[in-house]
Amino acid sequence: MSIQIYNTLNQEKEEFIPQQAGKVSMYVCGPTVYNYIHIGNARPAIVFDTVRRYLEYKGFDVDYVLNFTDVDDKIINAAKKTGETVQEIADKYINAYLEDVGALGVKKATHNPRVMDTMDDIVAFIQELIDKGFAYEVEGDVYYKPRKFDGYGKLSHQSIDELRVGARIQIGEKKEDPLDFALWKNAKDDEISWDSPWGKGRPGWHIECSAMVKKHLGETIDIHAGGQDLTFPHHENEIAQSEALTGKPFARYWMHNGYINIDNEKMSKSLNNFVLTRDLINAHDPEVIRFFMLSVHYRNPINFTEELLESAKNSFNRIKTAYQNLEHRKHSSMNLVNDADNWMEKINSFKQEFENAMDDDFNTANAISVLFDITKEANQYIQQDQTQAKVIDAFQAAMETFLHILGLEAWSKDELLDEEIEALIEERNEARKSRNFARADEIRDQLKEKNIILEDTPQGVRWKRG
RNA sequence: GGCGGUAUAGCCAAGAGGUAAGGCAGAGGACUGCAAAUCCUUUACCACCGGUUCGAAUCCGGUUACCGCCUCCA
């Protein structure tokens with residue numbers, strides 16, 4: 001089956017066919033780096049990283065570009081407050097972003113362009129738009145004229161005449177039309193600025209993405225992604241800028257992820273209910289956070305509460321435990337090669353189901369349910385009197401594959417116990433043999449305090465970290 | 001006002017014409033020296049009202065509630 005992607009442009013699922021066989025160009029709108037990111041910023045990072053991982057699993061070579069907006073009012077204000085330079089603020093929060101998102105299992109982008117490094121391209125882009133009659137300069141500002149561009153509104157499905165534009169003109173602006181938006185802003189006295197044909201200034205917000213996409217991925221890209229609030233005006237404006245310039249389609253598939261609410265309310269400054277990704281990572285296992293995010297389809301809203309995260313932790317533990325129990329059972333398995341066909345077939349069918357789920361617009365919620373199905377099957381298998389190493393391996397390999405696609409495999413590394421603990425486990429075994437259960441339980445409790453949990457199975461003691 | 005989204009068990013969440021996946025929590029049972037883990041069993045008038053259909057959470061029309069975007073925002 002082919003991959004189906006819900007395309008905001010047409011509001012329906014479409015078969016995904018990249019321009020070039022085997023290659024995917026993908027651009028994701030990144031953060032404005034003026035603060036630590038909140039969990040709302042973490043969602044697109046995780047979701048589109050998972051999209052990328054799945055495309056790579058399917059054999060595509062993915063060029064994944066995520067930008068950093070490092071020139072912006074908010075950064076300038078932050079710099080004014082702390083006395084640092086804009087560059088320093090930006091550097092600090094770019095590093096923080098990469099750390100946070102890295103902890104959540106997000107792979108590094110192939111490029112992380114910054115506005116500061118793209119200034120020449122941005123200026124050239126704007127100049128060309130002026131030359132082509134889509135933009136005009138007024139006293140050092142440059143504005144784009146959406147009314148000049150035929151398809152304006154095609155992404156957000158807004159009619160240009162229905163837009164409520166009353167609030168759009170601010171005092172001191174010199175737009176010809178309230179709909180016009182800034183490509184270049186004239187510098188105020190002491191602000192950071194760059195030279196341009198229209199004097200010192202800095203770019204508007206939307207133009208950077210158009211310029212970066214063109215610079216790093218070309219005129220038409222396969223996938224453009226971001227939060228659904230970016231649909232309008234940001235992405236709409238990107239299309240207007242880029243397509244006016246090139247005359248070619250800007251992006252072929254537009255993907256937008258849903259919002260995160262906190263206790264059923266939008267995160268907002270007035271409610272003061274922002275949850276910083278950083279704080280959450282310090283308080284919870286990052287993989288549980290990622291698992292939680294992926295347990296809901298990316299286009300649906302997620303409500304975040306501590307209780308739901310706790311529930312996600314228990315859920316994810318079930319999968320982890322099954323994987324670890326397979327590992328333990330491996331040592332008491334036989335190396336026969338026959339009689340395993342039924343199980344191997346079953347395991348293969350899970351693979352197919354997993355792919356079916358992911359093919360269907362990256363339905364991670366269903367993909368995770370396949371992970372639970374295989375977990376149950378594996379649990380049943382290892383309870384049999386006799387097991388085969390080959391089947392155990394196949395179970396584990398399938399689980400690893402699924403977990404890797406979801407970016408959740410980091411925990412599965414081998415862990416070792418130190419000698420002291422090994423000795424205690426051995427002592428407990430002896431105590432149990434001689435039916436000295438008091439001593440056995442004492443040791444079990446003692447280890448539990450050290451976060452080592454012992455479980456007695458027909459195949460001997462099994463331990464795990466609590 | 002325009003555009004879009006959401007309403008499914010105590011909770012979370014898939015499903016998009018053939019009478020409801022999965023997980024968490026709860027209850028009962030099995031296994032265990034006791035536990036743990038696991039297995040088995042168990043819980044749904046799919047927001048409301050009409051319509052189409054042999055058949056509708058699923059399609060159409062309407063209603064209600066909530067949410068997002070239209071202004072910086074993931």
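Small disclaimer: the values here were computed from a predicted structure and weren't measured. Numbered from 1 within each chain, the chains take letters A, B, ... in sequence-line order. Every heavy atom of this structure was used, including side-chain atoms; hydrogens, water molecules and symmetry mates were not.
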- Which value, in whole Å, describes the distance between the P atoms of nucleotides B:rA20 and B:rA56? 12 Å
- Task: Would you tell me if any nitrogen or oxygen in the side chain of A:N379 comes within less than 4.0 Å of OP1 or OP2 on B:rC39?
- Result: yes
- From the candidates B:rA37, B:rC24, B:rU6, the one with an atom nearest any side-chain atom of A:Q383 is B:rA37
- Task: Ignoring the backbone of A:Y259, work out which of B:rA74, B:rA37, B:rG22 is nearest its side chain.
- Result: B:rA74
- Could you say whether A:S295 or A:F291 is positioned toward the 5' end of RNA chain B, judged by the nucleotide with the nearest heavy atom to each? A:S295
- Would you indicate what A:Q11 reaches in the nucleic acid, counting non-hydrogen atoms under 4.0 angstrom: base, sugar-phosphate, or nothing? sugar-phosphate
- Item | A:K13/A:D361 ion pair, N-O < 4.0 Å | no
- Within 45 degrees of the axis of the six-membered ring of A:Y64 and under 6.0 Å from its centre: does A:R52 put its NZ or CZ there? yes
- Task: Would you mind classifying the nucleic acid contact of A:H256 as base, sugar-phosphate or nothing, using non-hydrogen atoms under 4.0 angstrom?
- Result: nothing
- Message: Under 4.0 Å, heavy atoms only, any strand: does A:S315 hit a base, just the sugar-phosphate, or nothing?
- Response: sugar-phosphate
- Note on the structure: Relative to its sugar, using the 90° cut-off around 0, the base of B:rA21 is anti
- Message: Between A:N436 and B:rG33, is there a contact of a side-chain N or O with OP1 or OP2 at under 4.0 Å?
- Response: no
- Note on the structure: Partner of B:rA9 under the Watson-Crick or G-U wobble criteria, both distances under 3.5 Å, comes out as none
- Query: Does a side-chain heavy-atom distance below 4.5 Å link A:P31 with A:F68?
  - Reply: yes
- Map A:N363 and A:L454 onto RNA chain B by nearest heavy atom, then report which one ends up closer to the 5' terminus. A:N363
- Query: Which part of the nucleic acid, if any, lies within contact of A:F437, taking any heavy atom under 4.0 Å across all strands shown: a base, the sugar-phosphate backbone alone, or nothing?
  - Reply: base
- Short side-chain N/O contact from A:R444 to OP1 or OP2 of B:rU32, under 4.0 Å: no
- Note on the structure: If pairing means Watson-Crick or G-U wobble with both distances under 3.5 Å, then the partner of B:rG26 is B:rU42
- Query: Nearest to the side chain of A:T32 - B:rG23, B:rA14, B:rA74?
  - Reply: B:rA74
- Message: Can you tell me which nucleotide in B:rG68, B:rA14, B:rA36 comes closest to the side chain of A:E455?
- Response: B:rA36
- Query: Under 6.0 Å from the six-membered ring centre of A:F372 and within 45° of its axis: does the NZ or CZ of A:R318 meet both?
  - Reply: no
- Between B:rA74 atom P and A:M293 atom CE, what is the distance in whole Å? 14 Å
- Is it true that A:D177 and A:K148 have a side-chain N and a carboxylate O under 4.0 angstrom from each other? no
- Message: If you compare every side-chain N and O of A:K376 against the phosphate oxygens of B:rC40 (OP1, OP2), does one of them come in below 4.0 Å?
- Response: yes
- Return no unless some side-chain N or O of A:Q380 is found under 4.0 Å from OP1 or OP2 of B:rC40. yes
- Is it true that the NZ or CZ of A:K74 lies under 6.0 Å from the centre of A:Y34's six-membered ring and within 45 degrees of the ring axis? yes
- Query: Atom CG of A:L230 to atom C1' of B:rC69: distance rounded to whole Å?
  - Reply: 11 Å
- If B:rA21 has a Watson-Crick or G-U wobble mate with both distances under 3.5 Å, name it; if not, just say none. none
- Task: Provide, to the nearest angstrom, the distance between the CG atom belonging to A:N300 and the C1' atom belonging to B:rG15.
- Result: 12 Å
- Message: At less than 4.0 Å, is any side-chain N or O atom of A:N314 found next to OP1 or OP2 of B:rA25? Yes or no.
- Response: yes
- Mind calculating the distance between CD (A:Q384) and P (B:rC40) to the nearest angstrom? 13 Å
- Task: Assign A:N366 to base, sugar-phosphate, or nothing according to its heavy-atom contacts below 4.0 angstrom with the strands shown.
- Result: base
- Task: Have a look at A:G258 and say if it touches a base, only the backbone sugar-phosphate, or nothing, with a 4.0 Å heavy-atom cut-off.
- Result: base
- Message: Please report the distance, rounded to the nearest Å, between NZ in A:K320 and P in B:rA36.
- Response: 20 Å
- Base paired to B:rU58 (Watson-Crick or G-U; both N/O distances under 3.5 angstrom): none
- Polar pair under 3.5 Å, donor/acceptor by atom type, side chain A:R432, base B:rG33: yes
- Determine whether any donor atom in the side chain of A:D456 lies under 3.5 Å from an acceptor atom in the base of B:rC34, or the reverse, and answer yes or no. yes
- Query: Do NZ/NE/NH1/NH2 and the carboxylate oxygens of A:D285 and A:R290 come within less than 4.0 Å?
  - Reply: no
- Task: Look at all strands and tell whether A:I37 reaches a base, only sugar-phosphate, or nothing, counting heavy atoms closer than 4.0 Å.
- Result: nothing
- Query: Between B:rC69, B:rA74, B:rA14, which nucleotide has the shortest distance from any of its atoms to the side chain of A:H297?
  - Reply: B:rA14
- Task: Quickly work out the A:L308 CG to B:rA25 C1' distance and round it to whole Å.
- Result: 12 Å
- Query: Can you tell me the Watson-Crick or wobble partner of B:rU63, both distances under 3.5 angstrom?
  - Reply: B:rA47
- Looking at B:rC70, B:rC3, B:rC34, which one has an atom nearest to any side-chain atom of A:H157? B:rC3
- Choose from B:rG33, B:rG15, B:rA14 the nucleotide whose nearest atom is closest to any side-chain atom of A:A365. B:rA14
- Message: Over all strands shown, is A:R428 touching base, sugar-phosphate only, or nothing at heavy-atom distances under 4.0 angstrom?
- Response: base
- Message: Using whole Å, what does the distance between atom C1' of nucleotide B:rG4 and atom CD of A:E12 come to?
- Response: 16 Å
- Does B:rU6 have OP1 or OP2 sitting under 4.0 Å from an N or O in the side chain of A:N261? no
- Quick one: do A:I260 and A:M293 satisfy side-chain contact (heavy atoms from CB on, under 4.5 Å)? Show the steps, please. CA-CA 9 Å; A:I260 294 181; A:M293 295 262 197; 3.7 Å; yes
